[in-house]
Every structure is written in C-alpha cells, then in structure tokens.
There are 2 protein chains.
Amino acid sequence: MFHALADATRRDIVECVLLGKSTVSSLARRYPMSFAAVQKHVAVLERAELVTKERRGREQIVRANIAAVRDASTVLDHFESLWRSRMERFGDLLAETVASEPGHPRGAAE
Amino acid sequence: MFHALADATRRDIVECVLLGKSTVSSLARRYPMSFAAVQKHVAVLERAELVTKERRGREQIVRANIAAVRDASTVLDHFESLWRSRMERFGDLLAETVASEPGHPRGAAE
DNA sequence: TTAATCTACAACCATATGGTTGTAGATGAT
DNA sequence: ATCATCTACAACCATATGGTTGTAGATTAA
C-alpha cells in the first residue's frame with residue numbers, strides 16, 4: 001500500500017482515477033514515459049488494491065478503490081493517536097504546537 | 001515518505017518511537033535482524049524526516065517527527081476529498097456505503 | 001587500563017524496481 | 001478485409017533495496 005503510493009506517478013494515477021474512471025491508454029498519454037511503464041504502475045496499484053481494472057472491449061477501465069486509501073489513512077491515524085496519548089501522558093499540549101517532539105523543528109514532506 | 005513507511009519493520013520503528021524515545025540499539029534488540037539492518041531502516045526513516053537522531057554519549061536517541069506523519073496524512077486526506085467531491089457530483093451518497101466506485105466491492109489492506 | 005557497549009561505515013548479495021524496446025493478439029473503425 | 005487502437009507480455013538494464021558479514025572508532029563501565 002504505502003509502497004504503491006511511494007512513486008509520484010502512481011500517486012498521480014490514483015488522483016486521476018479518483019476524479020473519474022480512466023483507461024490505461026488515457027492514463028498513459030499523461031506521462032512522459034512508455035505505455036508499458038504506465039501499465040506497470042497500474043499493475044502495482046492493482047496489486048495493492050488501490051485500483052481495479054475492468055475490460056470493456058479493447059479497453060481496460062481503471063477505477064479507484066477508496067477503501068484501500070482509507071486503510072492507509074487508518075495506519076497514519078493510529079500513529080497520530082499514539083502520539084496524542086503520549087502528549088496527554090505528558091500533560092503537555094504545548095508540545096503539539098511545535099508539531100514534533102519537544103525541542104525539535106518540523107520537517108518537510110517525503 | 002510513503003516509501004519509508006512501506007516496510008513493516010520501519011512502521012514498527014515509527015510506532016515505537018512515537019510511544020517514546022528509543023536508542024538505535026534498543027530498537028535493534030526488537031527485531032530478528034542484524035544491528036546494521038536496523039540502522040539502515042532508521043537511516044531511511046531519518047532521510048524521510050519521520051525521525052531524528054541525537055547523539056548522547058555513545059548512544060543515538062531516536063525521536064519521532066509527527067509533522068512528517070501528518071504530511072502523509074494530508075496527501076491521503078486530499079485523495080479522500082477528491083473522492084467525496086466526486087460523490088457529491090454524482091449526488092449519490094449511497095455509493096459511499098459501498099466504499100468503492102459503484103458496482104465494485106472493497107478490497108483488503110496492503 | 002581493559003572490557004563491554006554502542007555506533008558508523010563498507011562491501012557484498014539476491015531480489016526488486018522504474019524505466020526501456022520488442023512482439024503479438026484482440027477489439028474497433030473504416 | 002485492412003488499418004488503427006488498445007493491451008498483454010517478455011526481455012533487458014541501471015539502480016535501489018532489505019538483508020548479510022566485517023572493520024573500526026567512540027563512549028561507558030568495571
């Protein structure tokens with residue numbers, strides 16, 4: 001799951017597909033890479049169950065599976081709740097504004 | 001970020017560290033692998049800014065960076081909001097109980 | 001001082017990964 | 001029927017990855 005989302009192209013594919021159904025070829029036209037490369041990315045997402053494929057004639061329709069996205073969110077929410085319970089044990093909600101462990105600055109995304 | 005979380009050991013390390021400070025060696029004792037392997041995992045997490053390291057004598061204290069976790073959550077929340085706005089465009093909130101695109105069952109986690 | 005503990009770093013290895021080009025079958029349009 | 005479009009699959013490649021063992025320096029404990 002997280003691995004599938006670790007690639008920027010794949011995240012973009014998920015985003016596209018969440019906005020509406022796509023075919024593999026329409027997705028392929030979006031990225032500066034070979035069709036086969038996009039196919040591979042879709043295969044990774046499919047294996048992670050973030051998308052499903054449905055053949056319609058000569059085309060494969062790619063659909064999102066929001067439940068799988070939510071599964072990933074659940075893991076992160078769990079991390080957040082661990083953090084919050086620890087903060088409460090500290091009885092120190094000030095640390096929350098620092099958004100990191102006390103005394104440490106926040107970092108940037110991936 | 002997502003890549004760093006893609007490995008089960010690394011997720012577990014994040015969880016440990018969120019619960020409280022750890023040293024690299026205390027983390028290493030938790031997993032059935034060499035110290036160097038755990039070190040590598042910590043290095044990946046550090047590079048993704050999910051943790052920071054602070055030397056204290058001969059030890060390295062490992063601390064969580066919840067802000068980075070939240071950055072990942074933001075991406076997933078964005079996906080969720082895309083999905084929701086599309087559902088609203090459908091004017092069909094029934095689809096939400098299916099938890100996937102209409103006509104498709106939900107999948108399992110990673 | 002010696003021994004124990006902790007860590008950094010390097011080299012190695014089998015496997016995986018994000019791309020490539022190539023081949024070929026199926027479907028759809030003309 | 002031919003041509004265009006779409007897709008599946010294979011092989012390849014340079015690089016990355018999750019582990020290994022080995023070497024060695026720094027800190028701490030006895």
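Naming: A, B, ... by sequence-line order, numbering from 1 per chain. No hydrogens, no waters, no symmetry mates; every other heavy atom, side chains included, goes into these values.
Under the side chain to side chain donor-acceptor pair (under 3.5 Å) criterion, A:Asp77 pairs with no residue at all, not counting sequence neighbours. For the side-chain contact (heavy atoms from CB on, under 4.5 Å) test, residues two or more places apart in sequence or in another chain that qualify with A:Arg55 are A:Gln60. Remark: B:Arg30 pairs with B:Asp12 by the salt bridge (Lys or Arg N to Asp or Glu O under 4.0 Å) rule, at least two apart or across chains. Legend: residues meeting side chain to side chain donor-acceptor pair (under 3.5 Å) with A:Thr23, ordered by chain and number and at least two apart, are A:Ser25, A:Ser26.
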So which protein N/O to nucleotides 27-30 of chain D N/O distances come out below 3.5 Å?
{"unit_1": "D:dT27", "atom_1": "O3'", "unit_2": "B:Arg58", "atom_2": "N", "d": "3.1"}
{"unit_1": "D:dT28", "atom_1": "O4'", "unit_2": "B:Arg58", "atom_2": "NH1", "d": "3.1"}

Quick tally for nucleotides 11-20 of chain D: nucleotides whose base has a protein heavy atom under 4.0 Å get B, sugar-phosphate-only ones S, the rest -, giving ------SBBB
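Phosphate contact (OP1/OP2 of D:dA8, side-chain N/O of A:Lys53, threshold under 4.0 Å): present. At C:dA8, one or more side-chain N or O atoms of B:Gln39 fall inside 4.0 Å of OP1 or OP2 (strictly under the cut-off). Contact between the side-chain N/O atoms of B:Arg29 and the OP1/OP2 oxygens of C:dC6 is found at a separation under 4.0 Å.
In the hydrophobic clustering of this structure, B:Phe35 groups with B:Val51; members are Ile, Leu, Val, Met, Phe, Trp, Tyr whose side-chain heavy atoms approach within less than 4.5 Å, directly or through other members. A:Val17 and A:Ile61 are not part of a single hydrophobic cluster, where members link through side-chain heavy atoms under 4.5 Å apart.
For the pair A:Ile61 CD1 and C:dT27 P, the computed distance is 15 Å after rounding to whole Å.
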Quiz item: Given the rule in the salt bridge (charged side-chain N to carboxylate O under 4.0 Å, His left out) test, do B:Glu80 and B:Arg84 qualify, once you have shown the distances and angles that lead to the verdict?
Solution: CA-CA 6 Å; B:Glu80 180 75 38; B:Arg84 286 188 185 278; 3.1 Å; yes
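When the C1' atoms of four end pairs are superposed on the next four at each end of the helix from C:dT1-D:dA30 to C:dT30-D:dA1, using five pairs per end, the two resulting axes differ in direction by 30°, to 10°.
With B:Arg86 contributing its side chain and A:Leu18 its backbone, the two residues share a donor-acceptor pair below 3.5 Å.
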Which side-chain N or O atoms in residues 36-45 of chain B pair as donor and acceptor under 3.5 Å with protein atoms at least two apart or in another chain?
{"unit_1": "B:His41", "atom_1": "ND1", "unit_2": "B:Arg10", "atom_2": "NH1", "d": "3.1"}

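A:Glu15 and A:Arg11 are not joined by a salt bridge, as no carboxylate oxygen comes within less than 4.0 angstrom of a charged side-chain nitrogen.
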